[in-house]
Amino acid sequence: MFGAVVVGVGIAGGVRIRDMLNPLPGSGAEKLVVRGFISRRNLNTLEDVNQISVEEAMNRKDIRVAFICTENDAHEDFVRMFLEAGKHVCVEYPMTLSYKTAVELWVLAQTKGLILHEEHIELLTEDYKQLKKEVAGKVLLEGSLHFTGGSLKPGFGFPAFSGIARLCWLVDLFGELSVTGANFEQDAGKGYSKMTAQLLTFDNRPLVWVEERQAGLPRTKKVNFVFDGFAVTQIPSAPRGTVGLFMQDLILFSAKLSGEVSPEELDKERARILHCMDLADRIQQLCKS
């Protein structure tokens, strides 16, 4: 069994506690037991789970795992802190707000023989799985992914990092990418921002990724992937899965903790995540240059 602490009890942290208290029967999630939570707020208990301090969590022998569910700009410090204390870590994306520190954290985890898992539930949705089936084996000519949503709260980082889930879609669908250009528009008075990144696939096919945000904008993803002979112009709808996304992620994390995921698969996932972090860093640099 792996005793766990949840750091941050917003929406994601609350779901982590709920899922560990009610794991999918017969799944690896049953191996994770929530021992406490950490919050800036004085809550004392949450769903009969006790609030504890960071120091207690790091020092307790019955806590072997930390779930980091804070604002994005706090991820790095908590991940580093718990890895240094010898704890396995599951962190909501993005694990950090820079490529350099992401590499440092992976090296730290490997040096200490610990699992560092970055949550990417966007790859587990039924809609995405159906989209991936539709484009599998097809030769892309050009494409775009345009995300819109409400204004970001402070602490979530530059859009290339806060929106890295969309970048992970593109990398997972079309392989390694390169950045050829990027720009960022902002009207702070109206709470408006728009980041546009120009990307190339390994065989020089152009992709455009847009993150556009403003209070009141509907949360949508528009795609236009053009292939030889046909185009995908909307994300296919698919029935919702019977197992929740965070529960699926919990089961995957548990499999890693139990040594059920091959080193080759771990290396492949780490390479994809770091590639996306590197792209996000390059996009940010171009937008700010």
Side-chain angles (χ1 to χ4, degrees), residues 1-24 27-98 101-102 104-121 153-157 244 246-259 261 266 270 273:
M1 302 297 284
F2 294 90
V5 62
V6 175
V7 185
V9 287
I11 294 174
V15 172
R16 292 299 191 185
I17 291 174
R18 182 200 68 193
D19 283 354
M20 282 188 278
L21 291 174
N22 304 280
L24 183 69
S27 76
E30 292 181 319
K31 298 177 183 177
L32 286 152
V33 181
V34 60
R35 302 290 190 195
F37 71 89
I38 295 166
S39 176
R40 292 188 301 262
R41 295 172 288 164
N42 186 17
L43 300 173
N44 294 318
T45 62
L46 189 65
E47 302 217 31
D48 295 325
V49 177
N50 290 329
Q51 184 169 2
I52 62 177
S53 67
V54 173
E55 292 73 22
E56 181 180 346
M58 289 195 297
N59 292 323
R60 277 176 55 173
K61 301 297 184 185
D62 64 336
I63 293 178
R64 300 170 62 191
V65 172
F67 287 85
I68 311 302
C69 309
T70 61
E71 294 85 356
N72 295 347
D73 63 359
H75 287 179
E76 178 191 337
D77 289 344
F78 278 117
V79 171
R80 192 183 303 276
M81 193 183 306
F82 280 101
L83 288 176
E84 291 283 10
K87 315 294 185 184
H88 303 287
V89 172
C90 171
V91 58
E92 311 303 321
Y93 73 79
M95 73 170 68
T96 74
L97 296 177
S98 84
T101 52
E104 290 174 359
L105 294 177
W106 279 112
V107 170
L108 177 59
Q110 289 180 304
T111 301
K112 288 184 165 287
L114 298 168
I115 294 296
L116 174 56
H117 172 79
E118 185 181 62
E119 164 269 314
H120 278 286
I121 59 171
K153 297 177 182 177
F156 280 79
F246 280 98
M247 183 65 77
Q248 291 181 52
D249 185 67
L250 196 66
I251 293 168
L252 174 59
F253 181 45
S254 174
K256 292 179 179 180
L257 293 173
S258 301
V261 180
L266 291 175
R270 179 172 62 252
I273 289 172

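Each residue takes its place number in the sequence, starting with 1. All heavy atoms count here, side chains included; hydrogens, waters and symmetry mates do not. Quick caveat: nothing in here was measured; it's all calculated off a predicted structure.
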Taking the side chain as every heavy atom from C-beta outward, state whether D62 and R35 have any pair of such atoms under 4.5 Å apart. yes

Quick one, W106 and M95 - any side-chain contact, counting heavy atoms below 4.5 Å? yes

Can you confirm whether I52 sits close enough to I63 that some side-chain heavy atom of one is under 4.5 Å from a side-chain heavy atom of the other? yes

Using a strict threshold of under 4.0 Å (side-chain N to carboxylate O), is an ion pair present between E92 and R16? yes

For the student: nearest non-hydrogen atoms of P23 and M247, plus distance: CA-CE, 3.8 Å

Rounded distance [0.5 Å steps], CD in E30 versus CG in L250: 11.0 Å

Does the side-chain contact (heavy atoms from CB on, under 4.5 Å) test come out yes or no for Q248 and L252, once each step is laid out? CA-CA 6 Å; Q248 291 181 52; L252 174 59; over 6 Å; no

Salt bridge flag under 4.0 Å for residues E71 and R40: yes

Do any N or O atoms from the side chain of H88 and from the backbone of I115 form a donor-acceptor pair under 3.5 angstrom? yes

Checking R80 against L108 for the side-chain contact (heavy atoms from CB on, under 4.5 Å) test, could you report, in this order, the C-alpha distance in whole Å, the side-chain angles of both residues, the deciding distance, and whether it holds? CA-CA 8 Å; R80 192 183 303 276; L108 177 59; 4.1 Å; yes

Kindly determine whether K87 and M81 satisfy side-chain contact (heavy atoms from CB on, under 4.5 Å), including the steps that lead there. CA-CA 9 Å; K87 315 294 185 184; M81 193 183 306; over 6 Å; no

Quick one: are V65 and V5 in side-chain contact, heavy atoms under 4.5 Å? no

Partner of T96 under side-chain hydrogen bond (donor to acceptor under 3.5 Å, both in side chains), chosen from T101, N72, D73: T101

Would a 4.5 Å heavy-atom cut-off, applied to side chains only, mark L114 and F82 as touching? no

How about D249 and H117: does a side-chain donor come under 3.5 Å of a side-chain acceptor? yes

What I'd like to find out is whether the side chain of V6 reaches to under 4.5 Å of the side chain of C69, using heavy atoms alone. yes

Give me the atom names and distance for the closest heavy-atom approach of H120 to Y93. CE1-CB, 3.7 Å

Looking only at heavy atoms, the pair that brings Q51 and S39 closest together is NE2-O, 3.2 Å

Can you check side-chain contact (heavy atoms from CB on, under 4.5 Å) on I17 and D19, steps first, answer last? CA-CA 6 Å; I17 291 174; D19 283 354; over 6 Å; no

Using side-chain heavy atoms (C-beta onward) and a distance below 4.5 Å, is V79 in contact with L116? yes

What distance do S53 atom OG and M58 atom CE have between them, rounded to the nearest 0.5 Å? 8.0 Å

Does the ring center of F37 lie less than 6.0 Å from the ring center of F67? no

With a 4.5 Å heavy-atom cut-off, do R41 and V9 have their side chains touching? yes

Could you give the distance from CD1 (I251) to CG (L24), rounded to the nearest 0.5 Å? 5.0 Å

With distance as the sole test, does T45 use its side chain to make a donor-acceptor pair with the main-chain N or O of D48 at under 3.5 Å? no

Test item: E119 side-chain N/O and I121 main-chain N/O as donor-acceptor pair under 3.5 Å: yes

Output the distance between atom CZ (F2) and atom CZ (R64), rounded to the nearest 0.5 Å. 4.5 Å

So CD of E76 and OG1 of T70: to nearest 0.5 Å the spacing works out to 11.0 Å

